[in-house]
2 protein chains.
Amino acid sequence: MKFTEAKSKFIQTWGALGSQWGINKTMAQIHALLMISPEPLSMEDIMEELQISRGNTSMNLRALMDWGIVFKEYKPGERKEFFTAEGNIDELARKIAKERSRREIKPTLRVLQDISAIDGSESSKAAHFKAKTEELYDFVSRADNMLEKIIDQKENWITKTIMKLMG
Amino acid sequence: MKFTEAKSKFIQTWGALGSQWGINKTMAQIHALLMISPEPLSMEDIMEELQISRGNTSMNLRALMDWGIVFKEYKPGERKEFFTAEGNIDELARKIAKERSRREIKPTLRVLQDISAIDGSESSKAAHFKAKTEELYDFVSRADNMLEKIIDQKENWITKTIMKLMG
DNA sequence: TAAATGTTTCAATATGTTTTGAAAGTTTAA
DNA sequence: TTAAACTTTCAAAACATATTGAAACATTTA
């Protein structure tokens, strides 16, 4: 396979993966492009490379910066803004895990806690509901704790975690 | 909060969570409904409760059965088919993790392996690309292994994993 | 066998999301 | 201060995905 082909395949694959995980395609593609670029890229570069509009590029760069996985850079003598992706993959994964926990798991836990507070003696259906949602709360909350434990092992967390699990 | 309100809130929340994770809303809602129902439900029951069409119900029930987290049941004397959700939450999580690994992580690994096989000596850009995709392959493959290790601890895997991580 | 009961399929439609591009906004340099 | 260089915003348009519902299909019972 040629470099250009491999590059395009990588960007497409990363984009498709993003969609499956609720991240929009362009956002994932911009991230892919920045990740494999040895040099910071300008907005123009990105637009040109991915053939997308200025507005689209701008909005998705902002979203990536909100996630903390893309950074703005200034080059001396250049008025344009340049962008780079988090280069360390461990760090990248930690940031994504943290954000998803904050944006999705934590709010879900709050809802589960709220609704499992209903009166279970009202009916047997209510009792079953209460039991199930409590069980779910318990599970999700443990899973979230586990996630935190794993990603809090600053360096080389994947390797460290596997080691501990094998012991 | 009243039972009916709590129930509807649960179904809505589960549906929204599903969308964020690339699972369609109705599919997640049907699953939520079955999960909190003490009795198996018929297609009619589901249509009525969620106010959705027969076709939609049928397709999403099939998808849930493909995932192995909803089962078809027959009641003696009844001609209709009834449906139940996997009742054990640990088992539910294991099945979902397994399926996502199979459907998404494994194919991504194959692509990463393919594209990181390019000739890196062609240019410094190609070299950087090769290095990055190799690094990514390495990481994703370790993460997938970790996931497998975690979910292979049949019972109470969440608790077991936390214990090991604390030691 | 035909009628009744039930399920699946799929083209058309509705709904939801992303993308565009031009206008408005911002910053810099002279 | 004004013009030039650049970025952001947002309504409209394009695109993608989910949903409907009626017809086709399957199974059971009489």
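Within every chain, numbering begins at 1; the chains are lettered A, B, ... in the order of the sequence lines, protein sequences first and strands thereafter. No experiment lies behind these values; they were computed from the predicted model shown.
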Rounded to whole Å, the CD1-C1' distance (I46(B) to dT8(C)) equals 15 Å
Does the T108(A) side chain pair with the main chain of E104(A), one donor and one acceptor, at a distance under 3.5 Å?
-> yes
Output for pair (E49(A) CD, I52(A) CD1), nearest 0.5 Å, gives 10.5 Å
Is atom NZ of K125(A) surrounded by more than 12 heavy atoms (other residues, nucleotides or ligands) closer than 6.0 Å? no
M27(B) CE to dT19(D) C1', in whole Å, measures 16 Å
*Any donor and acceptor pair, going by atom type alone, linking the side chain of D138(B) with main-chain N or O of E134(B) inside 3.5 Å?*
no
Rounded to whole Å, CG of N60(B) lies from C1' of dA18(D) at a distance of 9 Å
note: L50(A), atom CG; dT19(C), atom P; distance rounded to Å ~ 11 Å
Separation of dA22(C) atom C1' from M47(A) atom CE, nearest Å, is 13 Å
- prompt: Distance-only, no hydrogens or angles: does the R142(A) side chain make a donor-acceptor pair with backbone N or O of I158(B) under 3.5 Å?
  reply: no
Between CG of L64(A) and P of dT18(C) the distance, given in whole Å, is 13 Å
Taken to the nearest whole Å, CG/L61(B) to P/dT19(D) is 13 Å
Whether each nucleotide of nucleotides 4-12 of chain D has a protein heavy atom under 4.0 Å at its base (B), only at its sugar-phosphate (S) or at neither (-) is summarised, 5' to 3', as BBSBBBB--
Next on the checklist: Using a strict threshold of under 4.0 Å (side-chain N to carboxylate O), is an ion pair present between K80(B) and E44(B)?
Outcome noted: no
N24(A) CG to dT18(C) C1', in whole Å, measures 7 Å
